[in-house]
Amino acid sequence: MAATEGNSVASCDAQRLTFEYPPVDLEAIEFVVPLGLMSDSHVTPVDHQYFQNYKDPERMIAVYSPAAGTVTTIQHMGQSISDQPRPPIDDYRLVIEHRCGISSIFIHVDQLSPALSAVAPTAGGHTSVAVTVSAGEQIGTFQANVDYNVVDATVTLTGLLVLEHYEAEPWKIHAPNSFTYFSDTIREQLVAKSLRTADPVGGRFDYDVEGRLVGNWFQEGTNGYAGTDRARYWAGHLAVAYDYLDPALVVISLGTFDGASAQFAVRGNTPNPADISVDSGPVAYELVEYDYWIRDARWDRVSLVKGVEARASDAPVHGVVLFELLAPRNLMVEVFVGKTAAQIEGFTAAALIYER
């Protein structure tokens with residue numbers, strides 16, 4: 001992220017910027033999905049939160065600039081990139097530069113304000129602009145959901161160990177939990193709307209630990225996060241992390257499992273990937289499905305609830321992934337589709353090397 005001269009970190013005063021307005025009309029949404037979701041082509045945990053509207057799909061919900069700033073980028077989005085069939089989209093990604101090296105990124109804004117619509121590109125386009133917005137100014141509307149994250153150039157996440165792997169999305173290494181940037185009043189509202197109750201309530205997505213299995217990995221020779229093919233840039237991605245709602249659950253997120261991306265729990269939910277090191281040798285995880293529960297009932301995934309528990313199934317086992325840390329940032333991986341751990345004797349010639 002390149003800050004303008006007036007937004008430079010060097011010229012910022014000592015007082016930290018506090019957002020006095022929410023990013024959307026919080027009374028009009030069902031809930032906030034925290035950072036860290038792994039789903040479909042989002043193989044590594046996502047760096048943004050989702051402000052979600054399920055129950056009134058026709059409602060137009062206001063989107064606001066949380067602080068004064070300048071809209072510097074507008075992208076007119078027309079296609080979702082996914083392994084699953086999805087209908088075309090027609091919405092916008094916006095970047096607002098505030099001060100002190102802090103920016104806001106919105107994705108899936110359906111309709112822009114008149115000032116922004118006047119300079120927006122045509123479908124599929126991407127343009128640099130300079131439209132000043134005031135704190136709390138409405139910049140557009142959305143219906144189903146809008147993605148939001150804060151980018152702070154003064155912060156570098158410690159749980160993404162190899163920064164060069166994220167050059168395709170350079171803001172990612174500077175994207176902390178947005179909740180901490182809002183005033184106490186707004187933060188309380190965000191916490192109340194968040195599906196997550198474990199700290200941090202706004203979620204997290206950076207899990208790398210030096211010399212441990214936990215975190216993000218990229219297949220060797222596939223250009224890190226960018227991948228080698230834009231149509232399936234996530235094909236060489238791998239994440240061994242924790243569920244975005246219930247961090248007690250280990251999630252294995254694979255860029256390619258039987259030809260497509262997939263997310264699984266671990267049968268028995270053990271061993272903890274944070275405990276796996278070079279000294280552990282080969283470790284096999286059996287891959288099973290998981291779901292979310294509120295006490296004795298499955299969560300419907302559209303209602304605001306608190307205390308969600310993620311539970312792994314015991315069967316069926318969809319396959320096995322075999323890991324071995326060869327060095328602190330060097331991982332051997334092999335996926336065995338349709339197998340159980342008892343059927344695996346060790347790595348074969350099909351094993352791949354991942355790195356970070």
Side-chain angles (χ1 to χ4, degrees), residues 1-3 35-49 72-84 86 89 91-95 103 105-108 121 124-128 147-153 155-176 204-210 213-241 251-257 259-263 321 327-333 335 352-356:
M1 180 192 69
L35 300 171
L37 172 70
M38 291 170 276
S39 177
D40 190 26
S41 57
H42 288 306
V43 175
T44 60
V46 298
D47 60 6
H48 47 263
Q49 291 145 339
T72 59
T73 301
I74 303 177
Q75 179 182 357
H76 193 162
M77 304 172 69
Q79 180 182 2
S80 290
I81 303 177
S82 169
D83 275 330
Q84 305 301 320
R86 295 195 177 184
I89 59 175
D91 55 34
Y92 297 89
R93 177 183 185 271
L94 306 175
V95 179
S103 298
I105 299 179
F106 292 88
I107 308 176
H108 302 311
H126 182 282
T127 188
S128 297
D147 306 354
Y148 177 74
N149 67 315
V150 169
V151 179
D152 187 342
V155 172
T156 300
L157 299 181
T158 59
L160 299 176
L161 288 177
V162 181
L163 305 185
E164 293 78 12
H165 281 163
Y166 301 95
E167 290 177 351
E169 295 191 354
W171 64 85
K172 192 179 292 288
I173 63 173
H174 303 297
R204 64 172 295 189
F205 69 96
D206 62 319
Y207 288 103
D208 294 359
V209 176
E210 185 69 53
L213 175 60
V214 68
N216 295 343
W217 298 87
F218 302 98
Q219 186 180 334
E220 192 175 54
T222 61
N223 196 27
Y225 191 87
T228 56
D229 178 4
R230 177 58 186 166
R232 287 199 80 244
Y233 70 89
W234 59 86
H237 293 190
L238 164 69
V240 186
V251 175
I252 308 291
S253 183
L254 300 158
T256 302
F257 178 87
S261 56
Q263 289 74 37
V321 59
R329 298 188 181 184
N330 195 251
L331 178 68
M332 184 176 288
V333 180
V335 175
L352 300 171
I353 302 299
Y354 284 67
E355 62 184 1
R356 66 170 176 219

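The chain is numbered in sequence order, starting from 1.
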Below 4.5 Å, heavy atoms only, C-beta onward: do [X] and [Y] meet side chain to side chain?
X: Val321; Y: Val335; result: yes
X: Met332; Y: Ile353; result: yes
X: Tyr233; Y: Asn223; result: no
X: Leu254; Y: Leu238; result: yes
X: Asp47; Y: Glu169; result: yes
X: Leu352; Y: Glu220; result: no
X: Val333; Y: Gln219; result: no
X: Ile74; Y: Pro121; result: yes

Closest approach of [X] and [Y], non-hydrogen atoms and distance?
X: Asp40; Y: Gln263; value: N-OE1, 2.9 Å
X: Ala239; Y: Thr44; value: CB-CA, 4.0 Å
X: Gly236; Y: Tyr354; value: O-CE2, 3.2 Å
X: Ala175; Y: Asn149; value: CB-ND2, 3.8 Å
X: Val150; Y: Pro176; value: O-CD, 3.7 Å
X: Ser253; Y: Val43; value: OG-O, 2.7 Å

With rounding to the nearest 0.5 angstrom, report the [atom1] to [atom2] distance, [X] to [Y].
X: His165; Y: Asn216; atom1: NE2; atom2: CG; result: 10.5 Å
X: Thr127; Y: His76; atom1: OG1; atom2: NE2; result: 13.0 Å
X: Arg329; Y: Glu210; atom1: CZ; atom2: CD; result: 4.0 Å
X: Thr73; Y: Leu94; atom1: OG1; atom2: CG; result: 9.0 Å
X: Trp217; Y: Leu161; atom1: CH2; atom2: CG; result: 8.5 Å
X: Tyr166; Y: Trp171; atom1: OH; atom2: CH2; result: 13.0 Å

Does any N or O in the side chain of [X] come within less than 3.5 Å of the main-chain N or O of [Y], such that one atom is a donor and the other an acceptor?
X: Arg232; Y: Gly255; answer: yes
X: Ser80; Y: Ile89; answer: no
X: Thr256; Y: Ala235; answer: yes

### Pair Phe218 and His237, ring centroids less than 6.0 Å apart
yes
### Query
Could you go step by step and tell me if Ile107 and Met77 meet the side-chain contact (heavy atoms from CB on, under 4.5 Å) rule?
CA-CA 9 Å; Ile107 308 176; Met77 304 172 69; 3.6 Å; yes
### Query
Can you say whether the rings of His42 and His48 are parallel (under 30°), tilted (30 to 60°) or perpendicular (over 60°)?
perpendicular
### Message
Assess the residue pair Tyr207 and Val240 against the criterion (side-chain contact (heavy atoms from CB on, under 4.5 Å)); give the C-alpha distance rounded to whole Å, side-chain angles, the decisive distance to 0.1 Å, and a yes or no.
### Response
CA-CA 9 Å; Tyr207 288 103; Val240 186; over 6 Å; no
### Task
I would like to know whether Val155 and His174 meet side-chain contact (heavy atoms from CB on, under 4.5 Å); could you show each step before the answer?
CA-CA 5 Å; Val155 172; His174 303 297; 5.5 Å; no
#### Entry: Any residue meeting salt bridge (charged side-chain N to carboxylate O under 4.0 Å, His left out) with Asp206, in chain and number order, not counting sequence neighbours
Arg204
